[in-house]
Each structure stands twice: as structure tokens, then as C-alpha cells.
Amino acid sequence: MTATKVDWVSSKKTGFDLFEDRNVVAMRVNGELKDLAATIESSDQVEAVTISSPDGLAILRHSTAHVLAQAVQSINPDAKLGIGPPITDGFYYDFDVESPFTPEDLKQLEKAMERIVKQGQRFQRRVVSEAEARSELAKEPYKLELIGLKGGTAEDESVEVGGAELTIYDNVDPKTGETVWKDLCRGPHLPSTRLIGNGFALTRVAAAYWRGSEKNKQLQRIYGTGWPSKDELRDYQARLAEAARRDHRKLGVELDLFSFPTEIGSGLAVWHPKGGILRQEIEQHSLKRNREAGYQYVYTPHITKADLFVESNHLVTYADGMFPPIHLDEERDAQGNVTKQGQDYYLKPMNCPMHILIYRERGRSYRELPLRLSEFGTVYRNELSGALHGLTRVRGFTQDDAHIFVAPEQLEEEAARVLEFVLALLRDYGLENFELELSMKDDEKTKWIGSDENWESATNSLRKVAAASGLKVTEQPGEAAFYGPKIDLKTKDAIGRSWQLSTVQVDFNLPERFGLEYTAADGSRQRPVMIHRALMGSIDRFIAILLEHYAGAFPVWLSPVQVIGIPVAEEYNEYLGEVIAKLRSKGVRAELDLSTDRMPKKIRNATLQKIPYQLIAGEDDRSNSAVSFRFRDGHQENGVPVEKAIERILESIENREQV
RNA sequence: GCCGCCUUAGCUCAGUUGGCAGAGCGAUUCACUCGUAAUGAAUAGGUCGAGGGUUCGAUUCCCUCAGGCGGCUCCA
């Protein structure tokens, strides 16, 4: 926060009197955000809100949204206003219009907005009664609906009608004093549109359901971004360009890792040889770590009779996410009458019921617990076509899944072990900067099953475990799965984007449904608790995250091609070929570039493929039994003796180094 | 699933107000034998996403479908 405390000044004043700094665009009066035009009482605590502070940016963006709405209505007076709040990095405004906006409309609207900004219209707050608001906004059906909602039940406060009173903001032409536009809004706003400057841009158009419900009409939403200066806008646009450069869908094509053939179907990926190597490395490393941590690997089928998902209740709670059944074994006579009842089979959307059946296959002793079953389990989910997105949202994917069966008293210790394990493994892949979210039940929703005592003790256990990790923990009441609390782990990638990865969920429900038991030390039958652990979420998605994190330039051990040999001329093919062969014999993924390209072209190709080591050899190297290194960043080390070079490469693989 | 936009060579993209389809990269071949991000030349490569309609004629206009992109919704 850049807000500064301000001492109280004697007589009655407004924010304009108090703050001369033009960067101050609003103020907090006794903790409440207000326009600078608001008057201040002598007992008030006042803080300045500068345009670059989080509050200031939100106000800037909200005011920019108003300017957008004014621009839209200046061009199309029939456009009905929805809502227009600030969001991360920008704002949007929803409109009900006859025909959707086009990219050309956006350019035209930006121009209109610039004119409004230059005009320096004042945002003037005015308190109105509900009746006044209704008559002034008679032509705005959505605003009228918002007015109707105000004072209703626990509805979230919105930027339109939150707060104690209804207010309308008039946009006033500073020269004529005429109100040129107005909008129902709680504020606060910038003192003048001029402060918006040239740090804004309209970014895209999209449809959005009115008030976020599929049942409502879709409005046309215009998204924009807004910043205090043109330079900051450019920085933001550069960040977007960097994110686009790292897009895993683009890198997947460029590095020949995977594709989504339309013949196979939406959201169903095939892995090419290079992507296959990457995936194998990740899986093998994970397998080894899982084994070391006491997990036992299992295999289960991709398809099962309906019975299993009836017993697990997935066919009730998760039916929408499942592919329709495959009807098998039905027989009919010549008249078409069913002579043998068929069976429905389903593609599995989750692995847990299968693992549970392995547990239940025989009697279990407390001595076997915790029993940790893990699997790279491939699941299929019938995601809505519009929700699919590269490898991060697909219809078939592989979870590095595990289900741990523990005695209730083991829950806390095991959860701590799981979290520790998850963090260690993710660090192996080069991820850092983790945050935890503890999702709990709340008193408002009714979906929760299981006893309050169970919830309380499990939540307390997870809370302790999360706290002990030393990571930042956010508690989220109401966000738990219906069957138990969970810890989700988020990580930030190299350019600061947050990704949800692992989840550790406590489940009382499935052990109950499947009647799981173990024999305790005293001979009594007890019910185990289950922990669901998806470490990388989905391997497919995890690879997408790593791809974007590393921008395709993986650490040596994960690189599909680790070493490429580039002879200076054909003459040196044989010499360098021997070096490459030695590396291959030691398990290094090394290739020799025998193409007819010239050397600089080969270097360019290898660099674009983001291969960590380019080994170059010409006369200087051959006569000294040496090779020359060229690295991704272009720096070189010439004349390295072959044995030393090999050693160095092997070490970097062993230590999972980035080079 | 809903709304909007898009789909032209392996890739990135021009183009046609309805009249024989274009470039760069990539591929192949030939020449060059080369020291740190593109040597030169030639050749091949297309039912203009699929199907239907309008038209003398459709890659171009209209309809349906598929796939992609951006959102919304969804993500137990």
C-alpha cells in the first residue's frame, strides 16, 4: 500500500483541499473508500489513495469501464448497461446489444473513449432515492434489476449497488457543467476522466451470462486493461506477449511434443517421440520417488461396469462429467425382443473406486496401514467442448494418483508425510514458490456429508500440517469437497503466474460407501480414512505447466534431446560422431546433425529446438581430442577435452541441472 | 453446452468486389566444404476444413456440421 496517513486539519474540507499530489485519486475515510470530493469531518481518519496503489488501480479501471460504457452508448444509444467492475489488470463492461461487437467496433470505441478522456469530464456523485433511481434509469432494465436486488438477502456487494445508499454518478462536462452521461454506481471514481490518460486499451469481446448464470441471457462483454501510464500499459502488453511466447500449445508444435488430431477427437492428445521421452522421464522419476516413499504401484482398467460407479455414487454426483455408457452383451431375438439383459460400461472418470476394490479384496490389518496405492491412472471426462484448452483441460488424461488408507489416528502424521513428499518431488522438477489453500466446510452450504467431529478433527489435522510446512496458507471456508477437507497446493511459474497443482483430500465418504474395514490391535473392526493425493494433478497438465515455466528450455535431464553434435564441416562428422556415440553409450540422448546445412544454420536450428548442449568440433578440436560447447544463451567454451566434456554432461543430468 | 471470431501447401500467413491459387519457412535434389542464430539454385507440394444450396461458374455469397481461438458456464 502506498497510502499515507494524513493528520487531521482543522476546518471542514474535502480531499481536494487535503491532497495536492495529483497521484492521489481517492481517499480512505475511516477505512472507507471515498471520492476526493467527499467532505471530511474533524474526527475522521483520512488516508490518501494513490493511483498506483491496489485501490487506486481498481478505481482507475472502474472509471475507465464507465468511460467505455459512455462511449458505447454514444455510438449505440440502444445498448443496455449490465455491470462494469474492475478486474485483475483491467476491467470489463457488459452490454445488451442487438448485434455483437466486432474488433472494428473496439477501435472505434477506443477513439470515442479517448475523446471522453481528453474532455476531462468530472465524475460527480449523487445520492438518490430508490424511486428517483428507478425513474432515471427507466431505460436500463438490468440496472433496475440490480436496484431490486439491493437490500435482498446475503447478495455480494457489487460496485453498482453495494453500500448503504443508492448513488448515481454523473459525468459532467467541465466547460458547460452539463451532465453528459450517468450510471448507477457506488463509486468511488477518479475526480476526472483526464486522469485515465492513455494507459488503457480494449482487449477483447466475449459473451457472458447476465449475473453469471447459465439460465440468464448472454450479454456482450468488452474487456479492457488500464494503467496509470502508457509505459505501464506497454509493460503489461509485453507480459502478455511473453506469456504467449511460452504458450504450451505453441511450444508443443514447435518442439514436436504432442498434438490433438481432429480424427481422434477434441481434448484427446497424442504424444510424439520427443514428448514421449519427456513424459517418461517425469513418470520414471516420480515412480522411483513414490516407491522410496512407501507407495505401491497398481494397475487398473480404463472401463468398468456401471455397478462400481453406482456403489461409489459417481453416477449420481458426477454423471455430467462422465461419458455416456457403452451398452454391451445385450441379445435380441428375430422380433427384436431382448432375450438377454445387457450391461452398461463406463469410461472411468476417477481411479479411486478401483483402488478401493484392491483394498477390499481381502481383510486388512492395522499393521498394513497406512496402505499407499499409487497409479498413473488414465481417466476420461466428458468436458464441455467450450472448456477444453490445450493440455490443461482435456477429455482424457493421466493422473499420478494415489489413495492412502489410514487409521483415523494416523491421519495427521500421514497427511504431513504426503505434503512433505509432494513438495520434495515438485522441487525436483524445478518448481518453487508454493502456497497452500486449506479448504473447509462452512455452515451455509448443505452438501457436506459426515459427522461434525470427523470434519473438525480432520480439518484441525490438515491445519496443523499446513502450518508446519512453513508455507503461506489461505483458509477457504466452504471450498472443501463434499466428502472432506483438503489442502490444495499452488505454485508460481517463472513469470509469476499461479497454477494449481497438487491436492490432498481427506475422504470419509468412500470408505463408508464401500464398507471398508481393518482389524485393529484389539480385534475390533474399524473404518479407515482415505486420503486422495493427486501430486501433479494430471501429468498432461503438469507438462504444460513445466513447458510454460521453462519456456520449452528444460533442465538437461528432461530435455528430449540433451546433446546435439555440430561438425564445422563434413570432414569432422566421423570425429564428432565418436564423441556422440560415447555419450549415447552412457545413456545420454545425443544426436549428430548430419544434414547438409551449413554450420551456422545447424546452430540456429539447435538453438530454436532449445537443446541444452551444442557440441561443436572442427580442426582445432579434433587435433586436441576436444570439443567446444555452445549453450542456449550463446556463450561458448572451446577446446574442452572429450572426457571432461562427457563427465560434465553426465553430472548435469544426474544433478538435474539447468544449463 | 452458450456467444463471438477463425479454418487457404507440413508450418506462418497473403489473396480472390464470384472467373486458371500466392509468398516465406520447411521438404527433396544439385552445387558450395564452410568455426558459432538462416550459402545459392532448382523441384515437388493445394478438392482453399467437410457436406449441401444459390449461380453459366463458388476458395469467395447462404445454410448445416466439424475443428480451433477468446470468453461465459463448469472443474465433484
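Just so we're on the same page: letters track the sequence lines, and every chain starts at 1.
- Ion pair A:Lys441/A:Asp452 flagged as a salt bridge, since at least one NZ, NE, NH1 or NH2 atom sits closer than 4.0 Å to an Asp/Glu carboxylate oxygen.
- Looking at heavy-atom distances under 4.0 Å, A:Asp320 makes no contact with the nucleic acid at all.
- Taking only side-chain nitrogens and oxygens, A:Arg249 comes nearer than 4.0 Å to OP1 or OP2 of B:G70.
- For the residue pair A:Ser652 / A:Tyr613, a side-chain donor-acceptor distance below 3.5 Å is found, with atom types taken as modelled.
- Checking B:C34, B:G71, B:A38 against every side-chain atom of A:Arg604, the shortest atom distance belongs to B:A38.
- When the C1' atom is used for both B:A50 and B:U59, the distance is 14 Å, rounded to whole Å.
- Looking at heavy-atom distances under 4.0 Å, A:Leu608 makes contact with a base.
- Across all strands, A:Gly321 comes closer than 4.0 Å to no nucleic acid atom at all (heavy-atom distances).
- Counting distance only, with no hydrogens placed and no angle test, the side-chain atoms of A:Arg221 and the base atoms of B:C72 include no donor-acceptor pair under 3.5 Å.
- The same atom, P, is picked in B:A21 and in B:C63; the two are 26 Å apart, to the nearest Å.
- In this structure, the nucleotide among B:G26, B:G35, B:G71 sitting nearest to the side chain of A:Asp621 is B:G35.
- Relative to the ring axis of A:Trp227, A:Arg61 places its NZ or CZ within 45° and under 6.0 Å from the centre.
- A straight line from CG of A:Asp96 to P of B:C72 spans 18 Å, rounded to a whole angstrom.
- Between A:Leu219 atom CG and B:C2 atom P there is a gap of 17 Å when expressed in whole angstrom units.
- In this pair, A:His635 and A:Phe631 present their aromatic rings parallel. The plane angle is below 30°, not in the 30 to 60° band.
- One donor-acceptor pair, N or O on each side, does fall under 3.5 Å between the base of B:U33 and the side chain of A:Glu570.
- Of the candidate nucleotides B:C72, B:U39, B:G67, B:G67 has the atom nearest to the side chain of A:Ser266.
- Using a 4.0 Å cut-off, some side-chain N or O of A:Arg630 falls inside it from OP1 or OP2 of B:A37.
- Phosphate contact (OP1/OP2 of B:C69, side-chain N/O of A:Lys250, threshold under 4.0 Å): absent.
- With distances taken from any side-chain atom of A:Thr262 to the nucleotides B:A37, B:G71, B:G67, the minimum falls on B:G67.
- Donor-acceptor pairing under 3.5 Å, judged by distance alone, is present between the side chain of A:Tyr209 and the base of B:G1.
- The number of heavy-atom neighbours closer than 6.0 Å to CD of A:Glu574, taken from other residues, nucleotides and ligands shown, is 12 or below.
- Of the candidates B:C2, B:G71, B:C74, B:C74 carries the atom nearest the A:Arg393 side chain, counting heavy atoms from C-beta on.
- A distance of about 14 Å separates the C1' atoms of B:G45 and B:C25, rounded to the whole Å.
- Atom NZ of A:Lys610 has more than 12 heavy atoms from other residues, nucleotides or ligands within 6.0 Å.
- Separating the P atom of B:C56 from that of B:C13 is a span of 37 Å, rounded to the nearest Å.
- For the pair A:His389 and B:G70, the criterion of a side-chain N or O lying under 4.0 Å from OP1 or OP2 is met.
- Put simply, A:Tyr223 has a side-chain N or O that comes within less than 4.0 Å of OP1 or OP2 on B:C72.
- Comparing atom distances between the A:Asn638 side chain and each of B:G71, B:G1, B:G35 picks out B:G35 as nearest.
- For B:U7, the paired base is B:A66 (Watson-Crick or G-U wobble, both distances below 3.5 Å).
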